[in-house]
Amino acid sequence: MPELPEVETFTRNLREGTAGCFALPGRIVRGYRLHWRKTLASPEPQQLDEWLPGQKVVAVKRRGKFLMLELTAYTMLFHLRMSGDLVTAVLGDDVAFKHIRFELIFKDGSRLIFNDPRKFGRVWVTPDPGEVLSRLGPEPLDASLTPAEFYSRLQGRKRVIKSLLLDQGFIAGLGNIYTDEALHLAGIHPQTSSHSIKARAAGCLLEAIRMVLSEGIARNGASIDWVYRGGEYQNNFRVYGRQGMPCPVCGTHIQRMLVGQRGTHICPQCQKK
DNA sequence: CCTGAAACCTGTCTGC
DNA sequence: TGCAGACAGGTTTCAG
């Protein structure tokens, strides 16, 4: 489900609290419950029995599409993949979620619930989060990624631009929605070879990526179907899911195509090869 | 190194 | 109403 803006929204809510979601920092872990074995990527469950009790939540952070709970001596990482959802509740609450895969239980009886219908989501606990995050590319919103650096990275690869933007090792956090939106905003056809993008266009693309991600964060992410709720960015889509509808820039009908086996939405007028 | 296909899963929607 | 098939915000692995 979620891309960078949606994970950022979860992160902010769990760090600071919001209506219907309480803040995690300061809570002490009592234990956990694992309802679907594969959801726990690492370590083995018996290792968690040893590691988790007594750990305090020190901070809640995001890196790419990973949400990180920094504990006293370990880091717990969540990847929500296609349908993961993180919600808070109190022990004993009758929770309406039908697909709970993992729960983190705190000493005060509160709990963090990982609900995930499609079972693609994963949880890691590790003393060194670098083990899980080492292959990620740069954060798109981090100022240390300069237009010159971004251009140079594009030049170093010879791939279809949309597939490259979806590659988390190239840049971390973009998914199918924000990639389509950014390419449209930058006026770049998704099948353009990364190698052929000029410095000026690369600068536009980086700027477009930052615009759509910032706007997504400002609107608490995008809610499209039953999976994720609470976001408003779906009301600002320029092309995603709008096949047959007019381009907001020129009025041409938006087309849907496949690029790297992913549904892709373009304005054929604004995004020429 | 690059691409496409398949696998991992369940839920929803469309068309017959 | 029932049912098959397509499709879904992601990532990994494998064949060519």
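These figures come from a predicted structure and were not determined experimentally.
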Please report the distance, rounded to the nearest Å, between CZ in A:Arg229 and C1' in B:dT12.
16 Å

May I ask you to verify if any side-chain N or O of A:Lys65 is less than 4.0 angstrom from the OP1 or OP2 atom of C:dT11?
yes

Taking for A:Trp226 and for A:Val160 the nucleotide of DNA chain B with the nearest heavy atom, the one nearer the 5' end belongs to A:Val160

Just N and O in the side chain of A:Tyr178: are any of them under 4.0 Å from OP1 or OP2 of C:dG9?
no

N or O in side chain of A:Gln168 less than 4.0 angstrom from C:dG10 OP1/OP2:
no

If you check every side-chain atom of A:Arg256, which of C:dA8, B:dT10, B:dA5 has the closest atom?
C:dA8

Of the candidate nucleotides C:dA8, B:dC8, C:dT11, which contains the atom at the shortest distance from the side chain of A:His79?
C:dT11

Provide, to the nearest angstrom, the distance between the CZ atom belonging to A:Phe170 and the P atom belonging to B:dC1.
15 Å

Can you see which heavy atom on A:Arg256 is nearest to which on A:Gly263, and at what distance?
NH2-CA, 3.6 Å

Strictly below 4.0 Å: does A:Arg81 bring a side-chain N or O up to OP1 or OP2 of B:dC9?
no

Give a yes-or-no answer on whether the side chains of A:Asn220 and A:Tyr233 include a donor-acceptor pair shorter than 3.5 Å.
no

Please state how far atom NZ in A:Lys162 lies from atom C1' in B:dC2, giving the value in whole angstrom units.
18 Å

Just by modelled atom types, is the A:Leu165 backbone N or O under 3.5 Å from a matching donor or acceptor in the A:Arg159 side chain?
no

Lys/Arg N to Asp/Glu carboxylate O, A:Glu8 vs A:Arg12, below 4.0 Å:
no

Has A:Lys38 got a side-chain N or O lying under 4.0 Å from the OP1 or OP2 atom of B:dC8?
no

Under the criteria of a ring-centre distance below 5.5 Å and an interplanar angle below 30°, is A:Phe120 stacked with the base of C:dG10?
yes

In whole Å, what is the span from the CZ atom of A:Arg118 to the P atom of B:dC8?
13 Å

With rounding to whole Å, what would you report as the distance between C:dA6 and B:dA5 at their P atoms?
14 Å

Looking across every strand, which nucleic acid part, if any, lies under 4.0 Å from A:Asp225 by heavy atom: base, sugar-phosphate, or nothing?
base

Work out how far the P atom of B:dC2 is from that of C:dG9, and round it to whole angstrom.
23 Å

Given atom CG of A:Leu258 and atom P of C:dC7, what is their separation to the nearest angstrom?
7 Å

Nearest-neighbour nucleotide for the A:Pro117 side chain, B:dG11, B:dC8, C:dG9 considered:
B:dG11

Assess whether a salt bridge exists between A:Asp85 and A:Arg229, defined as any Lys/Arg side-chain N lying under 4.0 Å from an Asp/Glu carboxylate O.
yes

Looking only at side-chain atoms of A:Val227, point me to the closest of C:dG9, C:dC7, B:dG11.
C:dG9

Rounded to whole Å, please give me the gap between CD1 in A:Ile224 and P in B:dC13.
13 Å

Is the NZ or CZ atom of A:Arg242 both under 6.0 Å from the centre of the six-membered ring of A:Phe237 and within 45° of that ring's axis?
no

Between B:dC1 and A:Arg157, is there an OP1 or OP2 to side-chain N/O distance shorter than 4.0 Å?
no

If I take atom NZ in residue A:Lys158 and atom P in nucleotide B:dT3, what distance separates them, rounded to the nearest angstrom?
11 Å

Between C:dG9, B:dC2, B:dC9, spot the one nearest the side chain of A:Ala222, thanks.
C:dG9

Of A:Arg262 and A:Arg135, the one whose nearest nucleotide on DNA chain C sits closer to the 5' end is A:Arg262

Checking B:dC2, B:dC9, C:dG9 against the side chain of A:Ile177 (C-beta onward), the nearest is C:dG9

In whole Å, measure the gap between the P atoms of B:dA6 and C:dG5 for me.
16 Å

Choosing from B:dT3, C:dT11, B:dT10, which nucleotide comes nearest the side chain of A:Lys119?
B:dT10

Round to a whole Å and report the spacing from NE2 of A:His195 to C1' of B:dC2.
13 Å

Of the candidates B:dT3, B:dT10, C:dG9, the side chain of A:His99 sits closest to B:dT10

Is the A:Phe10 to A:Tyr228 ring centre distance short of 6.0 Å?
yes

Between A:Asp180 and A:Arg238, does any NZ, NE, NH1 or NH2 come within less than 4.0 Å of an OD or OE carboxylate oxygen?
no

What distance do A:Gln168 atom CD and A:Arg135 atom CZ have between them, rounded to the nearest 0.5 Å?
11.5 Å

Dot-bracket line, read 5' to 3' along DNA chain C, where crossing pairs take [ ] and | marks a partner on another strand, Watson-Crick or G-U under 3.5 Å
.|||||||.|||||||

May I ask you to evaluate whether A:Arg159 reaches the phosphate of B:dT3, defined as a side-chain N or O under 4.0 Å from OP1 or OP2?
yes

